[in-house]
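Counting from 1, the numbers follow the sequence of the chain as shown. Bear in mind that the values here come from a model prediction, so they are computed numbers and not experimental data.
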Amino acid sequence: MAAAEPKTPAGTAAARRLARSCWSAFWDYETPKVIVVKNRRLGIVYRTVQLLILLYFVWYVFIVQKSYQDRETGPESSVITKVKGITSSEHKVWDVEEYVKPPEGGSVFSIITRIEVTPFQTLGTCAESMRVRNATCDSDEDCVAGQLDMLGNGLRTGRCVPYYHGSSKTCEVSAWCPVEDGASVSQFLGKMAPNFTILIKNSIHYPKFQFSKGNIENRKDGYLKHCTFHEVSDLYCPIFKLGYIVEQAGENFTQLAHAGGVIGVIINWDCDLDLSASKCNPKYSFRRLDPKHVPASSGYNFRFAKYYKVNGSTTRTLIKAYGIRIDVIVHGQAGKFSLIPTIINLATALTSIGVGSFLCDWILLTFMNKNKVYSHKKFDKTPEVWPSSEPTPTFCRAALKTWACWGPLKSVAPGAPRSPGQHGLDLGPGPCPHTSTLRRSKTSSQRAPCKPGSGMT
């Protein structure tokens, strides 16, 4: 007698059938219902909102911002500067080697326009400056020997001595004497300074797009020897007069030369690389960088000394220099068409058009006279999952999908009796896709099951 083939457990078969049903339902496509409302005022609002959104994206996002481009900001840059010119003060003639600090020709440099000179300083003892706190005295008892003031000029000896001029007295210090305030002489170098010329050589590189360019005309006829910058006719002759830079920054040259200040030369390279390289040109702007309206921090000065030997002893000349510091600042951005930002912004634009539908739906459901009629047409109310009336084929499908995807299911033999309180879904051998009867234990009130032979569309 042949052995009986092992039967697959009813629960496993039911689970497989339900899994296939869930998988089939997953690939169903649903589409929203469209309702046309014949209302001119609402239509005007709808089209106006759509038009404004389209204008924003077309004009501002795509034309002004060029959002269809891939962009790179902050180019790699190098700056080389060179100053030429001579000037004179009350006592001497000054050339570039003396009034430009530092002389290397970097992106930041200073042009000295006024100096306060303290000559022939030697190491010794002398009166402290009256500008130092607690430096004035009446007797030696007011001066503490060995005291060192960080804002002073030297180490106090404990003596009270007459000041350099007048009847006042200050404490004596061991320092470079005479101190700066006691014997300094002011000299103005700014008489010819407005005519100094400054060559600013700048080259930039955008590594993402492998694009490089410089701000000097590529010519071999000695063009740079006889040209000066002009925004229209000589854009690629980056030779600027100092007076022109100060004027473009909106400053008075004489006042700036006396107190000093910081001027920024900003070079901007905004390049649309969808166009030819000749359309990528530098734009220059000038402005003062130090806060001139704040007395405590306005102006610009620094000190340096020149040392030499006199009769075997070390002597120096201390110079407090006021000048115009030039900071060359380079920035910019480059853009080139790219498919990815174009798709992203187009998708954003198309999605944003839906704002018009949302606004009009809100107006229609809130303020219109027939808002209840529209609400009834727009929103369909579905029946309960287990209706008490005869189930329809559509309901059988919905119930099958619902029960297939939720909770544990038990297999019941077709036609098996149900005890009170038990409810199930009896699909029978009809057109419904499953021939077994599935049920799920419930504690709610009894519902009518799908009957055998109910069709599914």
Side-chain angles (χ1 to χ4, degrees), residues 52-82 102 104-110 198-218 229-232 234-240 244-246 248-251 261-292 300 324-352:
L52 291 176
I53 293 173
L54 284 174
L55 286 176
Y56 167 77
F57 277 94
V58 172
W59 176 75
Y60 181 76
V61 175
F62 285 97
I63 297 178
V64 177
Q65 295 293 324
K66 293 184 173 62
S67 297
Y68 56 86
Q69 293 182 331
D70 187 14
R71 309 197 73 83
E72 182 181 10
T73 59
E76 298 173 353
S77 172
S78 67
V79 174
I80 300 174
T81 59
K82 184 181 293 186
E104 288 83 2
S107 60
V108 179
F109 60 95
S110 302
I198 304 172
L199 170 65
I200 302 176
K201 294 191 291 184
N202 175 225
S203 60
I204 56 100
H205 176 68
Y206 288 103
K208 178 183 287 188
F209 306 113
Q210 293 300 308
F211 176 81
S212 301
K213 196 170 184 181
N215 68 336
I216 295 181
E217 186 78 20
N218 187 16
F229 175 81
H230 189 275
E231 190 173 2
V232 177
D234 292 294
L235 179 62
Y236 282 86
C237 175
I239 299 178
F240 304 87
Y244 173 82
I245 293 176
V246 174
Q248 292 297 310
E251 298 295 324
V262 182
I263 301 294
V265 178
I266 298 97
I267 308 176
N268 185 28
W269 292 87
D270 281 344
C271 300
D272 185 353
L273 300 183
D274 292 328
L275 306 176
S276 64
S278 62
K279 301 296 182 181
C280 177
N281 298 314
K283 293 182 180 179
Y284 298 89
S285 59
F286 312 88
R287 68 182 185 91
R288 184 167 181 175
L289 301 180
D290 64 303
K292 64 178 180 179
Y300 174 72
I324 301 173
R325 196 180 87 173
I326 303 296
D327 289 11
V328 182
I329 304 170
V330 182
H331 60 81
Q333 60 180 351
K336 195 172 185 178
F337 174 79
S338 178
L339 189 60
I340 293 177
T342 302
I343 293 176
I344 292 174
N345 285 283
L346 280 176
T348 304
L350 295 176
T351 305
S352 300

Side-chain (Asp270) to main-chain (Gln333) donor-acceptor, under 3.5 angstrom:
yes

Looking at Glu72 and Lys208, would you say the former's side chain and the latter's main chain have a donor-acceptor pair under 3.5 Å?
yes

Rounded to the nearest 0.5 Å, how far apart are CZ of Arg288 and CG of Asp327?
12.5 Å

Would you say that Pro75 contacts Phe211 through its side chain, given a criterion of any heavy-atom pair below 4.5 Å between the two side chains?
no

Are the side chain of Lys213 and the backbone N or O of Cys280 linked by a donor-acceptor pair below 3.5 Å?
yes

In this structure, OH of Tyr206 is separated from CH2 of Trp269 (nearest 0.5 Å) by 8.5 Å

Ile263 versus Arg325: any side-chain heavy-atom pair under 4.5 Å?
no

Does Thr81 reach the side chain of Ile326, with side-chain heavy atoms less than 4.5 Å apart?
no

Closest non-hydrogen atom pair between Ile53 and Ser352, with its separation
CD1-O, 3.1 Å

Could you tell me whether the side chains of Tyr236 and Asn218 share a donor-acceptor contact shorter than 3.5 Å?
no

Please report the interatomic distance CG(Leu350) to CG(Leu54), rounded to the nearest 0.5 Å.
8.5 Å

Does any part of the side chain of Asn268, heavy atoms only, come nearer than 4.5 Å to the side chain of Pro282, both counted from C-beta?
no

Where Asn345 and Ser67 come nearest, the two heavy atoms and their spacing:
ND2-O, 3.0 Å

Plane angle bin for Phe229 and Phe240 - parallel if under 30°, tilted between 30 and 60°, otherwise perpendicular:
tilted

Would you give the length of the straight line joining atom CD1 of Ile329 to atom CG of Leu289, rounded to the nearest 0.5 angstrom?
5.0 Å

Separation of Asp70 CG from Ile340 CD1 (nearest 0.5 Å):
8.0 Å

Does Ser203 reach the main-chain N or O of Gly214 with its side chain, forming a donor-acceptor pair under 3.5 Å?
no

Name the orientation class of the two ring planes belonging to Tyr68 and Phe337 (parallel below 30°, tilted from 30 to 60°, perpendicular beyond 60°).
tilted

Euclidean distance, Lys279 NZ relative to Asp274 CG, rounded to 0.5 Å
14.0 Å

Could you give me the CA-CA distance, side-chain angles and deciding distance for Arg71 and Lys66, then say whether side chain to side chain contact (heavy atoms under 4.5 Å, CB included) is met?
CA-CA 9 Å; Arg71 309 197 73 83; Lys66 293 184 173 62; 3.9 Å; yes

Main chain of Pro207, side chain of Gln210: is a donor-acceptor contact present, judged purely on distance under 3.5 Å?
yes

Within the structure provided, determine whether Val64 and Trp59 are in side-chain contact (heavy-atom separation under 4.5 Å).
yes

Donor-acceptor under 3.5 Å (Asn202 side chain, Ser78 main chain):
yes

Evaluate Ile267 against Ile200 for side chain to side chain contact (heavy atoms under 4.5 Å, CB included), listing each step before the verdict.
CA-CA 10 Å; Ile267 308 176; Ile200 302 176; 4.2 Å; yes

Between Leu346 and Phe57, is the side chain to side chain contact (heavy atoms under 4.5 Å, CB included) condition met? List the steps.
CA-CA 9 Å; Leu346 280 176; Phe57 277 94; over 6 Å; no

Quick one: closest heavy-atom pair of Tyr284 and Pro238, and the distance?
OH-CB, 3.9 Å

